[in-house]
K.L.:
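Here it is, the structure in full.
In what follows, every heavy atom counts, from backbone to side chain, and hydrogens, waters and symmetry copies are set aside. Each chain gets a letter, A, B and so on, in the order the sequences are listed, and its residues count up from 1.
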Amino acid sequence: MFFRSQHSFAIIMVLVLLAIVPPVAAAFNDDFYVGLATRVLIFAIAAISLDLIVGYAGMNSLGHAVYIGVGAYSVGILNFYGIDNGFIHFGVAILASALVALFIGASSVRTSGIHFIMISLAFGQMLYYLAVSVNTFGGDDGLRISRHSNFVVGTLRDPVVLYYVCFGILLVVLFTLHQLVESRFGMVLRAIKSNEARVVSVGISPYRYRLVGFVISGVVCGIAGALLANQNLFISPASMHWSRSGEILIMTILGGMGSLSGGILGAGIYVGLEYFLSRLTEHWQAIMGPIIVLVILFANRGVFGMLSATKRRRK
Amino acid sequence: MLLQLFEQTLNGIQFGVMLFLIAAGLTLVFGIMNLINIAHGVLYMIGAYICASVISITGSFWQGFVAAIIGALVVGVVIEVLVFRRLYYRTHLDQVLATFGVTMFFNELVRIIWGPTAIYASMPSFLAGHVEIIPGAPFPIYRLTIIGAGLTAGLALYLVITYTRLGMLIRAGASNRAMIDALGVNIKLLYTVVFGIGAALAGFAGLMAGPLLTVESGMGNDMLILALVVITIGGVGSIRGALVASLMIGVIDAMGRSFLRPVFSSFLPQAAADAAAPAIASMLIYLTMALVLIFRPQGLFPPVTR
């Protein structure tokens with residue numbers, strides 16, 4: 001019910017494994033892996049949010065890191081002015097990413113295909129340069145964040161608490177978006193992806209559906225950004241550079257487009273590889289690059305696509 | 001004021017011409033192979049690096065010039081044969097991500113070979129100095145040379161595409177791939193040649209940019225985004241559109257950087273103008289693109305497709 005049946009076993013296994021990361025790490029007395037796993041969860045949320053528009057609505061955004069930046073800068077800037085209330089942090093992060101997504105979406109969701117890729121890229125770079133040029137908030141050097149979000153009952157300071165908050169949010173996002181794509185709204189989105197002309201001919205205007213989907217996706221990614229700010233206590237324009245958007249997109253593809261929960265695997269594989277390769281050599285990108293090329297050339301249906309028993313013929 | 005306006009216009013045109021050399025290859029490759037190549041900026045970077053290091057070893061600008069163009073051409077042809085050839089019939093999303101991986105690899109490779117810090121390219125001595133086109137406004141000869149060389153390369157490209165047999169095949173390939181394949185043209189070879197032309201142009205832009213900008217890993221990334229903006233504004237696949245749009249973007253960018261602050265401070269408090277001007281100036285190009293796309297979603301000169 002909750003997940004597609006053929007993947008349900010794998011998904012439940014992954015979620016159970018994720019749930020026991022902190023106690024296992026504590027048993028081995030190695031807190032580092034809690035941090036690494038938190039990073040996986042945060043990017044999983046981002047990759048899942050991107051999957052909503054790429055996998056279900058066919059909007060190939062190459063500017064999704066913008067919302068990571070908007071969410072993280074919301075926390076950073078509020079903290080800069082001495083506000084550490086977590087409800088305000090996350091409330092503003094959600095509102096700000098919704099507004100930015102509405103602005104970008106309103107002018108880009110009319111287009112499709114290659115034009116959509118380019119426009120999302122251009123808007124992403126526009127906000128990147130905006131962040132670089134505003135010196136009050138650190139400009140190119142980035143902004144330090146002095147305190148974690150404070151939710152009255154507790155803060156996100158303890159890494160284990162932060163981990164379980166991320167885990168909880170991931171579950172909520174997964175459940176909500178799953179309900180969403182199975183709803184009438186989600187069916188319209190998928191119909192637009194497969195044949196826009198028919199959707200129009202049955203009297204539905206695709207524009208509003210695509211825009212709403214785009215905004216929801218931006219908001220979820222903004223939440224991931226606010227979480228990332230809490231983990232790193234630092235935000236710089238580099239985290240909204242287009243190459244970051246490319247990385248999130250790779251995670252979505254790795255997990256398999258149109259599978260939502262695949263984003264967890266995609267983020268896990270990417271963040272894990274990044275960690276493993278960067279310990280191997282400082283020039284890890286020289287290895288990561290060819291891996292990405294090989295994945296796209298030979299395994300672009302993602303890990304779930306490869307695991308899946310029902311092999312669809314690729315076009 | 002008028003002199004400054006003149007100077008900034010020339011600066012803008014010079015930047016625009018460099019953008020055109022990159023955008024031309026990008027739009028040519030898109031128009032004919034239907035490939036969107038994020039790694040095109042890599043060829044620009046390689047041109048700059050090879051030229052700078054050959055000059056520092058041999059001391060000869062012309063040897064650096066030739067080596068850079070050949071180097072970019074060779075790298076371009078090698079990645080076309082190894083990777084891009086497999087991408088022509090894939091979705092644009094696959095193309096973007098695979099070429100993104102190629103970019104990542106080359107940016108790091110350059111760091112391995114030349115080190116993480118920027119290297120400096122020296123300007124050829126016979127192009128140093130200034131010239132007064134109109135009295136009182138000295139303009140660097142090197143920048144004028146870039147304008148001349150870039151426009152010459154653009155003209156040569158135009159002549160090749162319009163008047164030669166190769167150009168005829170290129171135009172035929174752009175309008176109907178399957179047909180010229182059926183007519184017995186070696187389409188694989190044609191694609192490699194087209195890709196090589198684009199690579200050489202990008203390398204050419206890179207070697208000329210070397211003395212003006214810092215030569216560092218990732219220098220192609222930002223130029224690539226601007227070139228993508230240019231071809232989107234100009235109409236993806238159109239060389240003429242790329243030329244118009246790159247000059248337009250170059251001039252708008254130069255104007256924004258030098259005149260927004262005085263304009264803003266005429267009606268805003270100084271502090272607000274100082275804060276707003278650089279922020280708006282850095283976004284101006286993208287705002288222009290958004291505006292163009294609202295009124296002409298297919299760009300200014302969309303190519304005629306059949």
K.L.:
If only side-chain N and O atoms count, and only distance matters, is there a donor-acceptor pair under 3.5 Å linking A:His241 with A:Ser243?
P.N.:
yes

K.L.:
Would one find more than 12 heavy atoms of other residues, nucleotides or ligands at under 6.0 Å from atom OH of A:Tyr207?
P.N.:
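Yes - once you tally the heavy atoms of other residues, nucleotides and ligands closer than 6.0 Å, there are more than 12.
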
K.L.:
Could you check whether any side-chain heavy atom of B:Tyr191 comes within less than 4.5 Å of a side-chain heavy atom of B:Phe84, counting everything from C-beta outward?
P.N.:
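The answer is no, as the side chains (C-beta and beyond) never meet within the 4.5 Å cut-off.
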
K.L.:
Could you check which of B:Asn107, B:Leu284, B:Ile112, B:Val229 has the highest count of heavy-atom pairs closer than 4.5 Å to chain A?
P.N.:
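The option with the most such pairs is B:Ile112.
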
K.L.:
If I measure from the heavy atoms of chain B, does A:Ile287 come under 4.5 Å with its side chain, its backbone, both, or neither?
P.N.:
neither

K.L.:
Side chain, backbone, both or neither: which part of A:His283 has an atom under 4.5 Å from a heavy atom of chain B?
P.N.:
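For A:His283, backbone and side chain are both near chain B.
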
K.L.:
Checking B:Val96 against chain A: side chain, backbone, both or neither under 4.5 Å from a heavy atom?
P.N.:
side chain

K.L.:
So what's closer than 4.5 Å to chain B heavy atoms on A:Val54: side chain, backbone, both or neither?
P.N.:
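Only the side chain of A:Val54 comes within 4.5 Å of chain B.
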
K.L.:
Taking the six-membered ring for Trp and the single ring otherwise, decide whether the centroids of A:Phe137 and A:Tyr73 are under 6.0 Å apart.
P.N.:
no

K.L.:
Is chain B contacted by the side chain of A:Ser108, its backbone, both, or neither, given a heavy-atom distance below 4.5 Å?
P.N.:
neither

K.L.:
Hey, does the side chain of B:Arg86 reach the backbone of B:Leu82 with a donor-acceptor pair shorter than 3.5 angstrom?
P.N.:
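Looks like yes, one N/O pair under 3.5 Å.
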
K.L.:
Can you tell which part of A:Ile119 gets under 4.5 Å to a heavy atom of chain B, answering side chain, backbone, both or neither?
P.N.:
both

K.L.:
Counting heavy-atom pairs closer than 4.5 Å to chain A, which one of B:Ile285, B:Thr99, B:Val83, B:Asn221 comes out on top?
P.N.:
B:Asn221

K.L.:
What's the spacing between A:Ile192 CD1 and A:Arg210 CZ if we round to 0.5 Å?
P.N.:
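Between atom CD1 of A:Ile192 and atom CZ of A:Arg210 there are 6.5 Å.
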
K.L.:
Within this structure, what is the OG1-CZ distance for the pair A:Thr252 and A:Phe43, rounded to the nearest 0.5 Å?
P.N.:
11.5 Å

K.L.:
Measure A:Glu247 against the heavy atoms of chain B and call it side chain, backbone, both or neither at under 4.5 Å.
P.N.:
both

K.L.:
Given that the side chain runs from C-beta out, which part of B:Leu97 has a heavy atom under 4.5 Å from chain A: side chain, backbone, both or neither?
P.N.:
both

K.L.:
Let me see the working for B:His40 and B:Phe30 under ring-ring contact (aromatic ring centres under 6.0 Å, His included), right down to the final yes or no.
P.N.:
CA-CA 11 Å; B:His40 200 67; B:Phe30 185 86; over 10 Å; no

K.L.:
Quick check for you: among B:Ile231, B:Leu228, B:Thr103, which has the greatest number of heavy-atom pairs under 4.5 Å with chain A?
P.N.:
B:Leu228

